[in-house]
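These numbers were taken from a predicted model, which means no experiment stands behind them. Counting starts at 1 for both ligands and their atoms, in listed order. Both backbone and side-chain heavy atoms feed into the values below; hydrogens, waters and symmetry mates do not. Starting from 1, each residue takes its place in the sequence as its number.
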Amino acid sequence: MESKEFINLEDRFGAKNYKPLDVVLSRGEGIWVWDVDNNKYLDCLSAYSAVNQGHCHPKIYKAMMDQAQKLTLTSRAFRNDQLPLLYEQLCKLTDSHKMLPMNSGAEAVETVIKCARKWGYESKGVADGQAEIIVCNDNFHGRTLSIIGFSTDENARQNFGPFTPGFKTIPFGDAKALEQAIGPDTVAFMVEPVQGEAGVIIPPRGYLQKVRRICTQNNVLLILDEIQTGLGRTGKLLAEEHDGIQADLTLIGKALSGGFYPVSAVLSNEAVLGLLQPGQHGSTFGGNPLACAVARASLKVLLEENMIENAEKMGAYFLAELKKIQHHSIKEVRGIGLMIAIELEEGTSARAICNSLMKMGILCKETHTCIIRFAPPLIIKKEDIDWAVDQIKTIFA
Ligand SMILES: *Cc1c(COP(=O)(O)O)cnc(C)c1O
């Protein structure tokens with residue numbers, strides 16, 4: 001079947017909640033993907049950082065196939081021989097006391113909201129129904145009703161109400177605003193270490209340190225949504241390490257499965273996840289043996305193959321090379337690790353540039369109208385970056 005036919009089928013039968021570039025992919029390997037006409041592209045989105053380990057990593061693939069032959073799903077009504085191993089591996093790796101497995105990122109966010117509220121009532125002594133969680137403007141935490149209720153993106157919210165109460169928004173990167181917003185019923189502050197969907201917005205240096213201090217002083221939980229920034233993307237296992245802090249609760253997802261399967265997790269200190277009692281939260285697929293085997297292999301290759309160090313080194317190189325491109329339509333080039341963005345001057349269409357990049361063999365997706373994100377798999381090499389920068393230069397020339 002031809003590319004056009006796939007596109008027609010999708011447009012005819014699919015809900016139009018996405019506006020994909022017109023490229024129909026059928027194969028992937030490492031940093032590369034191929035379309036149905038066998039054109040090759042450098043993937044500079046990595047499925048929003050779910051494919052940090054590269055497409056179809058052979059070791060994750062093998063772990064998945066091996067496990068799929070043995071046991072895929074038991075439900076949590078019974079124990080399985082994979083989940084305890086993932087618990088141990090993740091808790092040791094991230095210095096957490098406990099973890100709770102879910103599937104999608106949004107489910108991890110929903111889970112952490114429930115847990116933070118429960119902690120507020122049972123541990124902090126907030127009056128029933130009064131718990132408040134502070135979040136940031138331009139946040140992205142997923143697409144469920146509760147989550148979009150505290151989004152500040154009108155397009156994400158419009159005509160989906162009524163929404164879940166109990167949230168307050170403050171500017172991102174502004175520690176003072178957090179201090180002022182905290183009240184007696186505040187149970188948590190939830191923030192992305194770097195705002196991904198907002199366009200790779202990096203907070204002022206030391207922001208998380210200040211936030212950590214303010215949360216501790218006020219007995220408020222610090223929740224870091226590292227679903228995009230975590231697992232090597234910013235050049236550290238978790239982005240919180242850049243500030244040398246530890247969150248009370250950390251959310252990971254996306255690359256936790258290397259793109260093979262939806263797996264997410266809430267990581268926490270005992271005080272919070274320890275409050276959950278049987279029957280109070282769950283998921284049929286959460287913590288299933290297939291997911292756990294895939295997640296364990298995904299973490300293993302991330303470390304074994306030094307992908308985190310590579311993200312740091314190659315990220316710095318990519319950023320420096322992109323910064324050398326001089327063009328009147330480029331407003332700013334910024335990034336941390338392999339989470340990089342070019343922000344264009346108003347009036348320049350990021351979508352049009354993404355379409356041109358596609359023709360040159362680079363797949364990027366605009367975020368908002370004027371930001372292009374570059375986030376290739378963490379295994380990218382210097383020569384691939386040199387090639388990509390040449391293509392990008394040609395487009396701006
Ligand atoms: C992608 C993302 C989510 C939501 O994850 P899904 O798996 O799409 O539900 C939440 N938070 C952040 C920061 C994300 O980037």
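In this structure, Glu107 has no heavy atom closer than 4.0 Å to ligand 1.
A donor-acceptor contact closer than 3.5 angstrom links the side chains of Thr164 and Ser146.
Scanning the protein heavy atoms around atom 9 (O) of ligand 1, the nearest turns out to be Ala106 N, 2.8 Å. The protein atom (non-hydrogen) at minimum distance from atom 11 (N) of ligand 1 is Asp225 OD2, 2.6 Å.
Shown in contact with Ile227 at under 4.0 Å from a heavy atom are these atoms of ligand 1, numbered in order with element: 2 (C), 3 (C), 10 (C), 11 (N), 12 (C), 14 (C). Listed by number with element, the atoms of ligand 1 under 4.0 angstrom from any heavy atom of Gln228 are 15 (O). Atoms of ligand 1 lying under 4.0 Å from at least one heavy atom of Phe140, given by number and element, are 1 (C), 2 (C), 3 (C), 11 (N), 12 (C), 13 (C), 14 (C).
Note: an N/O pair closer than 3.5 Å links Gly105 and ligand 1 by distance alone.
For atom 14 (C) of ligand 1, the nearest non-hydrogen atom from the set His141, Glu197, Lys254 comes from Lys254.
Within the 3.5 Å criterion, the main-chain N or O of Ser329 finds a donor-acceptor partner in the side chain of His327. Between the Glu192 side chain and the Thr229 main chain, no donor and acceptor come within less than 3.5 Å of each other. Panel note: side chain Lys124, backbone Thr186; a donor-acceptor pair is recorded below 3.5 Å. Remark: side-chain polar atoms of Glu107 are paired, donor with acceptor, to backbone N or O of Ser104 under 3.5 angstrom.
Applying the 6.0 Å contact sphere to CE of Met1 captures more than 12 heavy atoms from other residues, nucleotides or ligands.
Using a 4.0 Å threshold on non-hydrogen atoms, atom 7 (O) of ligand 1 counts as touching the protein.
Nearest heavy atom pair, residue Met307 against residue Asn52, reads SD-O, 4.3 Å.
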